[in-house]
Amino acid sequence: GNSVTQMEGPVTLSEEAFLTINCTYTATGYPSLFWYVQYPGEGLQLLLKATKADDKGSNKGFEATYRKETTSFHLEKGSVQVSDSAVYFCALGGNTGTASKLTFGTGTRLQVTL
Amino acid sequence: DAGITQSPRHKVTETGTPVTLRCHQTENHRYMYWYRQDPGHGLRLIHYSYGVKDTDKGEVSDGYSVSRSKTEDFLLTLESATSSQTSVYFCATSGDTITDTQYFGPGTRLTVL
């Protein structure tokens, strides 16, 4: 079955540092890949997505490239801010036959300090 | 953002009591989902709906039932709450199976004593 593996957190960085959160997946076919972000006390928000191999999703300075050869979708940001502190979830899209289905990683908590 | 609300936002109940959580959307999305979020597990799918009166089980459906009598409302019922059902519950909606993008509500924190 489908599965997603994320690096364990928490990840603690100083403001303006470079961020990488690793995500690898196992799936049949060519699933869509997603990064969602969850700020404290809130629901998940879509951060970016990619629907086919070599696609790059980007939003708010974050980027991730769909690498089929390494089954990876690592999240990167060149310069993090305190406001980026949140939990980040990698997810893989699938299909149940009647609806779409997301398989989530366990989440990586990011804390950015001044 | 999709207009998704959940009620209640917080609930404390006792073991053995029935509990119903409500998800309401204003986006006319066809697909609706219930997830639970637990430390170390990420989000896991409980049940989903692919239309009015059309529902199916997810990966952790035991002890839960759902109903969808209108496009905008999706109810999750814990028939007899147990302490293992203490969790944060999220509703999500999607209008398009091709892109698989799901939009999430703010969550309901449920504590079963």
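Computed from a predicted model, the values in this text were never measured in an experiment.
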Heavy-atom contact with chain B under 4.5 Å, split by part of A:Gln38
side chain
May I ask you to test the B:Phe104-B:Tyr35 pair for a side-chain heavy-atom distance under 4.5 Å?
yes
Report the C-alpha distance between A:Lys49 and B:Thr101 in whole Å, list the side-chain angles of each, state the deciding distance to 0.1 Å, and finish with yes or no for side-chain hydrogen bond (donor to acceptor under 3.5 Å, both in side chains).
CA-CA 8 Å; A:Lys49 66 181 182 183; B:Thr101 301; 2.9 Å; yes
Given side chains that start at C-beta, do those of B:Asn28 and B:Thr71 come closer than 4.5 Å, heavy atoms only?
yes
Is there any residue in residues 103-114 of chain A with a non-hydrogen atom under 4.5 Å from a non-hydrogen atom of chain B, and which ones are they?
A:Phe104, A:Gly105, A:Thr106
Within the distance-only criterion (no hydrogens, no angle test), does the side chain of B:Ser49 pair as donor or acceptor with the backbone N or O of B:Tyr31 below 3.5 angstrom?
no
Sort B:Gln6 into side chain, backbone, both or neither according to what part of it lies under 4.5 angstrom from a heavy atom of chain A.
neither
Could you state whether A:Trp35 and A:Val80 fall into the same hydrophobic cluster, counting links through intermediate Ile, Leu, Val, Met, Phe, Trp or Tyr residues with side-chain heavy atoms under 4.5 angstrom apart?
yes
Please step through salt bridge (charged side-chain N to carboxylate O under 4.0 Å, His left out) for the pair A:Lys77 and A:Asp84, ending with a clear verdict.
CA-CA 10 Å; A:Lys77 187 176 186 183; A:Asp84 294 326; 2.7 Å; yes
A:Leu46, part contacting chain B, at a heavy-atom distance under 4.5 Å:
side chain
Could you check whether B:Phe74 and B:Tyr33 have their ring centres less than 6.0 Å apart?
no
Indicate yes or no: at least one non-hydrogen side-chain atom of B:Ile46 is less than 4.5 angstrom from one of B:Tyr89.
yes
Close side-chain approach of A:Gln6 to A:Asn22, heavy-atom, < 4.5 Å
no
Sort by residue number and list every member of residues 9-21 of chain A having a non-hydrogen atom under 4.5 Å from chain B.
none
Go through the atoms of B:Arg9 and report whether side chain, backbone, both or neither lie under 4.5 Å from a heavy atom of chain A.
side chain
What verdict does the side-chain contact (heavy atoms from CB on, under 4.5 Å) test give for A:Tyr36 and A:Leu47, after you've listed the backbone C-alpha separation in whole Å, the side-chain angles of each residue and the deciding distance to 0.1 Å?
CA-CA 5 Å; A:Tyr36 280 85; A:Leu47 181 59; 6.0 Å; no
Step by step, work out the side-chain contact (heavy atoms from CB on, under 4.5 Å) result for B:Tyr64 and B:Trp34.
CA-CA 10 Å; B:Tyr64 302 94; B:Trp34 278 107; over 6 Å; no
